[in-house]
Structures are given as C-alpha cells and as structure tokens.
Amino acid sequence: MPGGDYVGSDVCSECHEEKFEQILPSKHAQMNDLRAPFAREGCESCHGRGESHAMSEGESMDGIIVFGPDSPVAPRQQNAQCLDCHQDTERMFWQGSPHDSADLVCSSCHLIHQPDGVLRKTREVEVCVTCHTAVRAQLYKASAHPIRHGQITCTDCHGPHGTAGPRSLKRLTLNQQCYRCHAEKRGPFLWEHEPVSEACNACHYPHGSNYPALLVRRAPMLCQQCHQVTGGSHAGHINEKYDWAGGHTRFLVGASCLNCHSKVHGSNHPSGAALAR
Ligand code: HEC
Ligand code: HEC
Ligand code: HEC
Ligand code: HEC
Ligand code: HEC
Ligand code: HEC
Ligand code: HEC
Ligand code: HEC
Ligand code: HEC
Ligand code: HEC
C-alpha cells in the first residue's frame with residue numbers, strides 16, 4: 001500500500017488540529033453515517049494512507065493525496081478519491097464533461113474543511129463567475145436573467161458535473177430547458193413560428209444582452225436574418241405603402257415588424273396566420 005498503513009484521524013490531528021476542528025461539523029465527519037469518511041478511514045478516506053507521512057513528521061508525502069488545483073497530484077487521481085463514494089447518478093456524466101476535460105478538480109468548487117460556498121444558492125454564482133468572466137460580464141448587461149442576485153442560479157440550467165444535454169444543460173435540449181420556467185412558450189399553437197419550437201437561441205441569449213428581452217439583435221434586423229422581406233411580391237406586404245426595398249422605411253426604422261407581428265412566439269387566434277394577433 002503506498003504510504004504504508006492506516007493510522008487514523010487521531011494521529012493526523014496531532015499535527016493538523018485545525019483541519020480536524022474545521023471538518024467536524026460537516027457531513028463527512030458524521031460517524032453515525034456509515035457511508036461517511038469518519039465512519040471509515042477518517043482523514044485517510046480522502047487523503048490516502050498516512051503512515052509514512054506521519055512517521056516522517058510530514059517530511060515524506062508518500063501516499064498522501066494533496067487536493068486543489070495547484071497540487072502535484074494529477075486531477076484525475078484527486079477526483080478518483082471523491083468519486084470512490086460519489087460516483088452516483090448525479091455524477092453519471094462527470095467523465096468527459098467540459099469540467100472533467102478541462103482538468104477541474106472537485107475542490108475547484110467544493111471546500112471540505114470550510115463551509116462549502118458553492119452549495120449555497122446565494123454564493124454559487126460567485127464561484128462560477130470567478131472562472132467564467134465572459135458570462136459575468138453578460139450578467140451586467142441591460143437585459144439579463146435575474147442571476148446576479150441569486151433569484152435564479154447557474155445550476156437552474158446547468159449541471160456542474162456534466163449532463164446528457166448540450167452545453168451541460170440539465171434538460172436534453174435547449175428549448176426544454178427554457179420551457180421549464182417559460183412553459184407558456186411551448187404551445188401547442190394553432191400557428192407556430194418555426195424557429196420558436198426549434199431554438200429559442202435563434203433570437204435570445206441565455207445570460208444577458210444589450211437589447212431588450214435578451215434578444216440577439218433588435219427587430220427588424222432580428223427578423224431579417226431569416227426573412228428577406230422584399231418589394232411587392234412579398235405576400236403580406238403588397239400594399240405599396242410598405243416598400244421594403246427602401247422607399248418608405250417608416251415601417252422598418254423606428255417601428256418594427258413586431259408592431260404588426262406581435263405574436264412572435266405563436267398564435268392561437270383563428271386568423272393569426274401571420275402571427276399578427
Ligand atoms: C507528526 C506531524 C504530522 C502528522 C502526524 C501528520 N502530518 Fe500531515 N503534514 C505535516 C507537516 C509538517 C506537513 C507539511 C507542512 C504543512 O503544509 O503543513 C504536512 C502536510 C500535509 C498535507 C499537505 C498540505 C499542503 O498544503 O500541501 C496533507 C494533506 C497532510 N499533511 C495530511 C495528513 C494526514 C491525512 C495525516 C494523517 C494520516 C497527517 N497529515 C499526519 C505533519 C504531520
Ligand atoms: C472528504 C474528504 C476529506 C477528508 C475526510 C479530509 N480532508 Fe483534508 N482536504 C480535503 C480537500 C478537498 C482539501 C483541499 C482544501 C479544502 O477543500 O478545504 C483538503 C485539505 C487539507 C490539508 C491542506 C490544507 C491546505 O490548506 O491545503 C490538510 C493538512 C488536510 N486537508 C488535512 C486533513 C486532516 C488532518 C483530516 C482529518 C481530520 C482531513 N484532512 C480530512 C479533503 C478531505
Ligand atoms: C468515504 C466516502 C466519501 C468520500 C471519500 C468523500 N465523500 Fe463527500 N460525502 C460522503 C457522504 C456520506 C456525504 C453525505 C451525503 C448525504 O448526506 O446525502 C457526503 C457529502 C458530500 C457533499 C455534500 C455536502 C453537504 O453539506 O451537503 C459534497 C459537496 C461532497 N461530499 C464532496 C466530496 C468531495 C469533493 C470529496 C473528495 C475530496 C468527497 N466528498 C469524498 C462520503 C464521501
Ligand atoms: C464547477 C463546480 C463544481 C465542480 C468542479 C464539482 N462540483 Fe459538485 N456541486 C457543484 C454545485 C454547484 C453543486 C450544487 C448544485 C447541484 O448539484 O446542481 C454540487 C453538488 C455536489 C454534491 C451534493 C449534491 C449531490 O449532487 O449529490 C456532491 C456530493 C458533489 N457536488 C460532489 C462532487 C464531486 C465528487 C466532484 C468531483 C468529481 C464535484 N462535485 C465537482 C459544483 C461543482
Ligand atoms: C476553476 C474554474 C471554473 C469554475 C469555478 C467553473 N467553471 Fe465552468 N468551465 C471551466 C472550464 C475551463 C470549462 C471548459 C472551457 C470552456 O468552455 O470555457 C468550463 C465549461 C463550462 C460549461 C460548458 C461550456 C460549453 O461550451 O459546453 C458550462 C455550462 C460551465 N462551465 C458552467 C459552470 C458553472 C455553472 C459553474 C459553477 C457551478 C462553473 N462552470 C464553474 C472552468 C470553471
Ligand atoms: C436560464 C438558463 C441559464 C442560466 C441560468 C445560465 N445559463 Fe449558461 N447557458 C445557457 C444556455 C441555453 C447556453 C447555450 C447557449 C447557446 O448555445 O446558444 C449557455 C451557455 C453557457 C456557457 C457556454 C459558453 C457561452 O457563453 O455560450 C457557459 C460557460 C455558461 N453557460 C455558464 C453559465 C454560468 C457560469 C451561469 C451562472 C452565472 C450560467 N451559465 C447561467 C443557459 C443558462
Ligand atoms: C429557472 C427558471 C428559468 C429558466 C430555466 C429560464 N428562464 Fe427566462 N426568465 C426567468 C425569470 C425569473 C425571468 C425574469 C422575468 C420574470 O420575472 O418573468 C426570465 C426572463 C426571461 C426573458 C425576458 C427578459 C427581459 O429582460 O425582459 C426572456 C427573453 C427569457 N427569460 C428567455 C429564456 C430563455 C430563452 C430560456 C432558455 C435558454 C430561459 N429563459 C430559461 C426564469 C427562467
Ligand atoms: C423569432 C425570434 C424569437 C424566438 C425564436 C423566440 N423568441 Fe422570445 N421573444 C422574441 C421577441 C422579439 C421578444 C420581445 C417582444 C415581445 O415581448 O414579444 C421576445 C420575448 C420573450 C420573453 C419575454 C416577454 C414574454 O413574452 O414573456 C420571453 C420569456 C421569451 N421571449 C421566451 C422565449 C422562449 C422560451 C423561446 C423558445 C421557446 C423564445 N422566446 C423564442 C423573439 C423570439
Ligand atoms: C431563425 C430564423 C427566423 C427568425 C430570426 C425569424 N423567423 Fe419568422 N419564420 C421563420 C421560418 C422558418 C418560418 C416558416 C417558414 C416561412 O414561412 O418562411 C417563419 C415564419 C414567419 C411568419 C409567417 C407565419 C406563417 O404562419 O406563415 C411570420 C409573420 C414571421 N415569421 C415573422 C417573423 C418576425 C416578426 C420575426 C422577428 C421578430 C421573425 N419572423 C424572425 C424563421 C425565422
Ligand atoms: C404594418 C404591418 C406590418 C409590418 C410592420 C410588417 N408586416 Fe409582415 N405582414 C403583415 C401582414 C398584414 C401580412 C400578411 C397577412 C396575410 O397574408 O395573411 C404579413 C405577412 C408576413 C409574413 C408571411 C409572408 C408569407 O409569405 O406568408 C412574413 C414572413 C412577414 N410578414 C414578415 C415581416 C417582417 C420580417 C417584418 C419586419 C421587417 C414585417 N413582416 C413587418 C403586416 C406587417
């Protein structure tokens with residue numbers, strides 16, 4: 001056995017008293033929970049066998065697993081210590097997840113010897129955006145999901161341990177993720193707007209935008225990405241008042257497609273074919 005024999009937490013705490021005291025209130029130190037480290041090999045359930053280390057008064061680190069991003073111990077090896085107990089359904093997609101692939105360690109987010117910030121809804125976002133600085137910037141834009149003050153958090157949408165969905169989303173598709181809270185956008189509608197049922201992100205950013213309602217562009221440009229609205233041949237706009245080619249631009253500039261096509265997510269009105277009511 002690397003590190004020699006098991007010596008027990010009492011021996012470790014002779015030299016690491018503070019670490020011992022700190023962990024006592026946590027779930028890991030509950031001796032009456034038979035699954036917990038303190039009902040098993042104590043400190044060594046996580047840190048590895050400590051005989052050589054203890055006998056050498058801390059000179060030898062043989063067998064000792066040091067945790068954290070700066071540890072000389074490889075991330076996979078650190079994480080294996082934790083996954084030994086935590087390879088359950090919640091961590092089913094950890095292997096190969098973006099965080100695993102980026103060599104994150106469990107302790108990049110979790111603290112074991114102190115109250116664990118990331119588990120508290122009010123602190124979680126702070127932990128995530130220390131690395132995700134681009135997302136942090138998005139949260140400060142004019143329109144944003146109410147994430148900054150913890151009304152909703154990153155993990156309402158993302159699984160930090162990996163998921164079966166795209167972009168570590170908890171649901172299998174992006175739209176299903178949105179329907180979780182915006183169920184009214186799912187329909188079914190008598191008159192659907194194709195991109196809405198396909199991809200909310202055709203028009204919306206998830207975190208923040210400088211345009212209202214998290215839009216990726218302002219209308220009419222938003223609509224014109226997909227709709228080449230041209231002169232008289234355009235079925236809905238045959239009236240010459242609507243000269244989409246450029247003459248009368250009052251319906252394009254200032255006003256927008258939405259003035260008429262207000263039911264952009266779909267319509268249940270019998271005559272709502274053009275999403276206008
Ligand atoms: C006789 C004293 C002594 C005993 C007993 C002892 N250690 Fe240590 N330990 C040290 C010293 C000294 C260091 C190096 C200085 C430091 O970082 O605190 C160290 C370092 C460590 C580190 C790395 C800290 C770091 O920041 O790199 C870990 C983890 C550790 N010990 C865990 C244990 C565990 C687990 C046990 C029980 C199996 C144990 N120690 C028993 C003295 C001891
Ligand atoms: C559930 C796993 C686990 C258990 C049990 C555990 N530790 Fe740790 N320990 C960690 C992790 C993870 C870190 C990295 C810093 C943190 O999370 O607080 C760490 C950090 C340390 C450090 C290094 C301190 C530093 O600042 O880097 C020492 C020393 C240590 N633990 C000693 C102990 C001792 C002694 C015990 C038993 C009383 C113990 N640990 C029990 C997981 C554990
Ligand atoms: C010997 C088994 C064991 C090991 C090793 C272990 N844990 Fe745990 N852990 C548990 C048990 C048991 C619980 C309590 C689960 C519960 O109450 O449902 C727990 C709880 C947790 C929690 C939730 C804490 C809370 O307050 O709700 C986190 C986070 C966690 N462990 C992370 C880790 C990390 C990170 C490591 C590796 C550094 C690790 N665990 C190593 C058994 C273990
Ligand atoms: C990117 C940050 C991050 C990393 C890395 C991470 N976690 Fe977590 N973990 C969280 C967050 C946030 C929660 C609470 C919310 C949730 O589960 O969605 C959590 C919850 C937990 C819990 C308690 C609830 C549950 O899911 O059972 C355990 C146990 C846990 N993590 C273990 C681990 C282990 C083991 C690793 C390493 C393989 C790890 N975590 C890596 C962020 C992280
Ligand atoms: C220690 C730094 C760090 C922390 C903390 C962290 N992440 Fe990450 N995260 C990364 C890295 C590195 C990647 C992979 C590269 C990338 O996509 O940026 C990543 C990837 C992701 C992805 C996947 C992006 C994609 O393109 O598929 C999501 C989603 C994510 N993180 C969410 C979170 C959440 C939620 C938290 C907080 C619970 C969190 N991260 C905490 C570093 C971190
Ligand atoms: C309302 C749901 C939701 C919340 C809350 C959320 N995200 Fe996302 N996130 C998404 C969606 C959806 C995508 C994919 C966007 C796309 O591909 O068009 C995404 C993409 C990402 C990506 C990939 C890179 C990028 O910017 O597209 C990262 C990293 C990320 N999110 C991190 C976070 C972090 C960190 C938080 C918390 C501060 C967070 N997310 C909160 C839904 C959410
Ligand atoms: C966890 C719940 C939740 C999820 C999941 C969610 N949202 Fe939201 N969304 C909210 C909340 C809360 C608001 C704030 C407005 C309110 O109170 O209704 C909001 C507001 C919005 C707004 C209006 C923003 C504004 O500035 O007016 C848009 C657009 C939006 N969400 C789109 C999406 C999209 C697209 C997705 C999927 C990527 C999504 N939401 C997923 C909870 C959620
Ligand atoms: C074709 C572009 C487009 C697509 C696709 C789209 N939206 Fe929107 N969405 C808009 C526009 C434009 C607004 C602002 C005008 C308004 O209030 O109707 C908006 C506003 C919103 C709002 C805030 C106002 C309200 O109606 O509640 C929410 C929430 C929202 N969208 C959610 C979603 C969700 C969820 C999806 C995917 C199911 C989605 N959107 C797909 C264009 C789109
Ligand atoms: C991502 C591409 C995309 C975007 C962006 C988009 N649409 Fe559409 N829209 C479609 C598709 C695809 C259809 C269905 C096929 C068609 O009629 O061209 C459609 C159909 C329509 C229809 C006709 C509905 C019917 O039942 O015949 C209207 C009206 C419409 N869109 C208005 C808008 C408006 C207004 C916007 C901007 C807020 C917009 N669209 C943005 C792709 C898009
Ligand atoms: C002044 C009101 C008005 C404005 C502004 C307007 N539309 Fe229309 N649109 C209509 C009407 C009315 C119809 C046709 C209804 C019908 O044929 O049943 C229509 C039809 C459509 C259709 C369906 C055409 C088809 O082939 O069936 C699309 C797509 C469309 N408009 C897109 C747009 C876009 C994109 C904009 C902004 C650049 C826009 N509209 C601005 C009133 C308007």
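This is a predicted model, so every value here is computed, not measured. Indexing begins at 1, ligand by ligand and atom by atom, following the structure's order.
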Starting from [atom], which protein heavy atom do you reach first, and at what distance in Å?
atom	value
atom 38 (C) of ligand 5	Cys128 SG, 2.7 Å
atom 11 (C) of ligand 2	Phe67 CD1, 3.4 Å
atom 1 (C) of ligand 4	Cys109 SG, 2.7 Å
atom 17 (O) of ligand 2	Ile112 N, 3.0 Å
atom 12 (C) of ligand 5	Ala102 CB, 3.5 Å
atom 29 (C) of ligand 5	His158 ND1, 3.2 Å
atom 2 (C) of ligand 5	Cys131 SG, 1.9 Å
atom 36 (C) of ligand 2	Cys43 SG, 2.8 Å
atom 3 (C) of ligand 2	Cys46 SG, 2.9 Å

At a 4.0 Å threshold, what atoms of ligand 2 neighbour a non-hydrogen atom of [X]?
X	result
Leu111	17 (O)
Ile23	4 (C), 5 (C), 6 (C), 41 (C)
Phe20	38 (C)
Cys12	35 (C)

Just going by heavy-atom distances, which of [options] is nearest to [atom]?
atom	options	answer
atom 22 (C) of ligand 2	Lys19, Glu18, Glu14	Lys19
atom 9 (N) of ligand 2	His28, His47, Gln81	His47
atom 39 (C) of ligand 2	His113, Lys27, Gln114	His113
atom 19 (C) of ligand 5	Glu124, His99, Arg167	His99
atom 23 (C) of ligand 4	Leu104, Thr155, Leu119, Thr153	Leu119
atom 18 (O) of ligand 4	His132, Gln78, Lys170	Lys170

To the closest 0.5 Å, what do you measure between [atom1] ([X]) and [atom2] ([Y])?
X	Y	atom1	atom2	result
Glu51	Ser60	CD	OG	10.5 Å
His28	His113	NE2	NE2	10.0 Å
Gln78	Ser108	CD	OG	8.0 Å
Asn268	Arg277	CG	CZ	14.0 Å
Leu169	Arg180	CG	CZ	11.5 Å
His86	Asn79	NE2	CG	11.5 Å

Going by the 4.0 angstrom heavy-atom rule, the piece of Cys106 near ligand 4 is both
Quick look: Val105 vs ligand 4, heavy-atom contacts under 4.0 Å, and the answer is backbone
Which of the atoms of ligand 4 are close to Cys82, meaning less than 4.0 Å from one of its heavy atoms? 35 (C)
Could you tell me, atom by atom, which parts of ligand 4 come under 4.0 Å of a heavy atom of Leu83? 38 (C)
Should Leu24 and Phe38 be marked as a side chain to side chain contact (heavy atoms under 4.5 Å, CB included) after you check the CA-CA gap, both sets of side-chain angles, and the distance that decides it? CA-CA 9 Å; Leu24 282 183; Phe38 272 46; 4.2 Å; yes
Between [X] and [Y] (side chain of the first, backbone of the second, donor and acceptor by atom type, cut-off under 3.5 Å), is there such a pair?
X	Y	value
Asp100	Gly96	yes
Glu21	Glu18	no
Ser71	Val66	yes
Thr153	Gly150	no
His110	Val118	no

Heavy atoms of the protein only: does one fall short of 4.0 Å from [atom]?
atom	answer
atom 15 (C) of ligand 2	no
atom 42 (C) of ligand 4	yes
atom 27 (O) of ligand 5	yes

Ligand 2 versus Val66, non-hydrogen atoms closer than 4.0 Å: side chain, backbone, both, neither? neither
Taking atom 8 (Fe) of ligand 4 as the vertex, measure the angle between atom NE2 in His161 and atom NE2 in His110; round to 10°. 180°
Are side-chain heavy atoms of His158 and Cys128 found at a separation under 4.5 Å? no
Going through the checks in order, is the side-chain hydrogen bond (donor to acceptor under 3.5 Å, both in side chains) test met by Thr155 and Lys121? CA-CA 9 Å; Thr155 57; Lys121 285 282 180 195; 3.2 Å; yes
For a side chain to side chain contact (heavy atoms under 4.5 Å, CB included) check, start with the C-alpha distance between Glu44 and Asp5, then their side-chain angles and the critical distance, and finish with the verdict. CA-CA 10 Å; Glu44 292 158 280; Asp5 244 330; over 6 Å; no
Would you call the rings of His99 and His132 parallel, tilted or perpendicular, taking 30° and 60° as the class edges? tilted
Just say parallel, tilted or perpendicular for the rings of His53 and His16, cut-offs at 30° and 60°. parallel
Would Arg148 count as a cation-pi partner of Tyr140, with NZ or CZ less than 6.0 Å from the six-membered ring centre and within 45° of the ring normal? yes
Please could you name the atoms of ligand 5 that Val127 approaches to less than 4.0 Å, counting only its heavy atoms? 5 (C)
State the atoms of ligand 5, each with its element, that fall below the 4.0 Å cut-off from a heavy-atom position in Cys154. 35 (C)
For the 3.5 Å polar cut-off, considering only N or O atoms, please tell me whether Arg91 and ligand 4 meet it. yes
